[in-house]
K.L.:
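Okay, handing you the structure first.
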There are 2 protein chains.
Amino acid sequence: MVDKKTKNWAGCPVRFGMSQFGDKWSFLIIRDLMFKGRKYYNEFLEAGEGISTNILASRLADLEYNGLVSKHQDTIKRSKYIYNLTEKGIALMPMMLAMIDWAEEYDSQTEVPTEFIKMLRENPEKLQKELLEQLKQE
Amino acid sequence: MVDKKTKNWAGCPVRFGMSQFGDKWSFLIIRDLMFKGRKYYNEFLEAGEGISTNILASRLADLEYNGLVSKHQDTIKRSKYIYNLTEKGIALMPMMLAMIDWAEEYDSQTEVPTEFIKMLRENPEKLQKELLEQLKQE
DNA sequence: GTATTTAACTTGTAAAAAGCAAGTGAATTT
DNA sequence: AAATTCACTTGCTTTTTACAAGTTAAATAC
């Protein structure tokens, strides 16, 4: 039987999560990187969520500092920086997919592409594998 | 093939999630309700995270407004209010478990009870079933 | 049956964070 | 060499949070 009454998760995993990506903007940046193919400062800005330039810069720096995101000069256009999820960032995919599944169920406004949600529920491993391949080849 | 380039998740599930529970304190309250057996205002306050009284009241009201948490007079001690996760709140369990799994992997400080993390990885359905039963009988 | 305590907040104010508009600097294109 | 692009930074206003103290309603103590 699981001990629910444990009061001392000395280092609490949820608290740790919050310290690493525990605000709205971080989640939205991770979403952009994970599912939307956005990789540049400008693309995050233009995602239409209304994030301010200073907040975006600050969150990207935090995510990089925490090892969730990497930042490199773009090899093609050397004046640009390219942001990518690290392995640690990519490992948040199950959490993000669980959130998407939840939102699709409880929000009538949520419009996840039918194909996506169908695969998420019928063959989540395949979906995850496809998403991971996309992230790695980029 | 999954369409990663979809720019228009008109109602984005991640954005919806953030609007419903998208801050540190909400996550910690949900954690307390879901895994720690805390159900009273005072118990959340004394959880040791350092939340202020006004912020706690505000977050509980938000969570209730959003239908994640219910609030009732305690039947035994009628001066107290008891907070519980609704079905909608309980449905966040997969997301929370995914976060716990991630934190356990990437944070050496995180100390989830061995039995918990072992079951999470070896038999997640059983773990979830046990947790759900606890939540429902309370 | 009045007085004290418990429980769950609310209020006021100071500090911190976010939002907004404009500016900077380095590289690139013209 | 001048103008443009890109990724920020800076300064200021507004909003949110933190902290301490106060309020209210019910329950127990005397």
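Here the structure is a predicted model, which is why all the values come from computation and not from measurement. To find a chain, count down the sequence lines: A is the first, B the second, and so on, and within it residues start at 1.
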K.L.:
Taking side-chain hydrogen bond (donor to acceptor under 3.5 Å, both in side chains) as the definition, give me every residue that meets it alongside A:Lys126, ordered by chain and number, with sequence neighbours left out.
P.N.:
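Expected list: none.
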K.L.:
Identify, with sequence neighbours excluded, every residue that meets salt bridge (Lys or Arg N to Asp or Glu O under 4.0 Å) alongside B:Asp32.
P.N.:
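Salt bridge (Lys or Arg N to Asp or Glu O under 4.0 Å) list for B:Asp32, sorted by chain: B:Arg38.
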K.L.:
In chain order, what residues pass the side-chain hydrogen bond (donor to acceptor under 3.5 Å, both in side chains) check against B:Lys71, with sequence neighbours excluded?
P.N.:
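side-chain hydrogen bond (donor to acceptor under 3.5 Å, both in side chains) check on B:Lys71 returns nothing, list empty.
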K.L.:
Could you tell me which residues satisfy salt bridge (Lys or Arg N to Asp or Glu O under 4.0 Å) with A:Asp101, sequence neighbours excluded, listed by chain and number?
P.N.:
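Expected list: A:Arg121.
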K.L.:
May I ask you to list the residues sharing a hydrophobic cluster with B:Tyr40, side-chain cutoff 4.5 Å, ordered by chain and number?
P.N.:
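Besides B:Tyr40, the cluster holds B:Ile82.
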K.L.:
Heavy atoms only, 4.0 Å cut-off, all strands: where does A:Tyr83 land among base, sugar-phosphate and nothing?
P.N.:
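Sugar-phosphate: the residue A:Tyr83, judged by heavy atoms under 4.0 Å, touches backbone atoms but no base.
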K.L.:
Can you list the residues that meet the side-chain hydrogen bond (donor to acceptor under 3.5 Å, both in side chains) rule with A:Tyr41, with sequence neighbours excluded?
P.N.:
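Testing A:Tyr41 for side-chain hydrogen bond (donor to acceptor under 3.5 Å, both in side chains), a comparison that skips the adjacent residues, returns none.
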K.L.:
What residues from residues 51-59 of chain B pass a heavy-atom cutoff of under 4.0 Å to DNA chain C?
P.N.:
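Hits under 4.0 Å, by residue number: B:Thr53, B:Asn54, B:Ala57.
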K.L.:
Looking for any heavy atom pair under 4.0 Å, which part of the strands does B:Tyr81 touch: base, sugar-phosphate only, or nothing?
P.N.:
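Counting heavy atoms under 4.0 Å across all strands, the contact made by B:Tyr81 is with sugar-phosphate only.
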K.L.:
Can you list the residues that meet the side-chain hydrogen bond (donor to acceptor under 3.5 Å, both in side chains) rule with A:Tyr83, with sequence neighbours excluded?
P.N.:
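A:Tyr83 satisfies side-chain hydrogen bond (donor to acceptor under 3.5 Å, both in side chains) with no residue once adjacent residues are dropped.
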K.L.:
Walking along DNA chain D from 5' to 3', note the first and the last nucleotide with an atom under 4.0 Å from a heavy atom of chain A, and give both.
P.N.:
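Listing 5' to 3', DNA chain D meets chain A from D:dC6 to D:dG11.
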K.L.:
Using residues 47-56 of chain B as the side-chain source, report each donor-acceptor pair under 3.5 Å to any protein atom, sequence neighbours left out, with the distance given to one decimal.
P.N.:
unit_1, atom_1, unit_2, atom_2, d
B:Glu49, OE1, A:Arg15, NE, 2.9
B:Glu49, OE2, A:Arg15, NE, 3.1
B:Glu49, OE2, A:Arg15, NH2, 3.2
B:Glu49, OE2, B:Arg31, NH1, 2.8
B:Glu49, OE2, B:Arg31, NH2, 3.1

K.L.:
Tell me, please, which residues at least two apart from B:Asp74 pass salt bridge (Lys or Arg N to Asp or Glu O under 4.0 Å).
P.N.:
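Checked B:Asp74 against salt bridge (Lys or Arg N to Asp or Glu O under 4.0 Å); zero matches.
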K.L.:
Counting any heavy atom closer than 4.0 Å, what does B:Lys24 reach on the DNA or RNA strands: base, sugar-phosphate only, or nothing?
P.N.:
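No contact at all - B:Lys24 keeps every heavy atom at 4.0 Å or more from the nucleic acid.
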K.L.:
Taking 5' to 3' order, which nucleotide of DNA chain C is first and which is last to have an atom within less than 4.0 Å of a heavy atom in chain B?
P.N.:
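Endpoints of the contacted stretch of DNA chain C: C:dA7 to C:dG12.
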K.L.:
So does A:Gln109 get a backbone contact from the side chain of A:Asp107, meaning a donor-acceptor N/O pair under 3.5 Å?
P.N.:
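At least one qualifying donor-acceptor pair exists.
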